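Just so it is clear, the model here is predicted, and its values are computed rather than measured.
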Amino acid sequence: VASCRSPLTIMRKWHIAQAVHSTRSLLEIINDLTLEEVEAALALESSTRRRQHVMRRLLGKAARLNEQNYIADLKKRCNL
């Protein structure tokens, strides 16, 4: 039976897995993560409550992505 998953879906799950695998792997891919991936990784990491430093990095990345999205949205609304 052929899989219906696209390579992009598989690659993105890999990114999430790498984000919670270790601090080193998180630092290697954090700039490639989307907000949705950061949120998924944060949910996984917070469920274990293991590494507060990883959660802080993920929260910071989510905040930066939200800021970028908000600015882009404002620019669109103001026709900038």
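- Annotation: side chain of N31 is in contact with side chain of K61 (closest heavy-atom distance under 4.5 Å).
- In this structure, L42 and E39 have side chains that are not in contact, with every pair of non-hydrogen atoms separated by 4.5 Å or more.
- Here the CD atom belonging to E37 is positioned 4.0 Å from the CZ atom belonging to R12, to the nearest 0.5 angstrom.
- Scanning for side-chain contact (heavy atoms from CB on, under 4.5 Å) contacts around A40 gives I16, with sequence neighbours left out.
- In terms of the side chain to side chain donor-acceptor pair (under 3.5 Å) criterion, S46 has no residue partners (sequence neighbours excluded).
- Annotation: salt bridge (Lys or Arg N to Asp or Glu O under 4.0 Å) contacts involving residues 69-78, sequence neighbours excluded, comprise D73-R77.
- Minimum heavy-atom separation, V20 to A41: CG1-O, 3.4 Å.
- Both W14 and V38 sit in one connected hydrophobic cluster of ILVMFWY residues. Membership requires side-chain heavy atoms under 4.5 Å apart, directly or through other members.
- We find the CD-CG distance between E36 and L65 to be 9.0 Å, quoted to the nearest 0.5 Å.
- By the 4.5 Å heavy-atom criterion applied to side chains, L58 and L26 are counted as neighbours.
- In this structure, L74 belongs to a hydrophobic cluster whose other members, linked by side-chain heavy atoms under 4.5 Å apart, are Y70.
- If you chain together hydrophobic residues whose side chains sit under 4.5 Å apart, L33 and L27 never meet in one group.
- Contacts classified as salt bridge (Lys or Arg N to Asp or Glu O under 4.0 Å) and involving residues 51-60 (residues at least two apart or in different chains) are given here: E45-R51.
- At least one side-chain heavy atom of L35 sits less than 4.5 Å from a side-chain heavy atom of N66.
- The salt bridge (charged side-chain N to carboxylate O under 4.0 Å, His left out) check on R64 picks up nothing, with sequence neighbours excluded.
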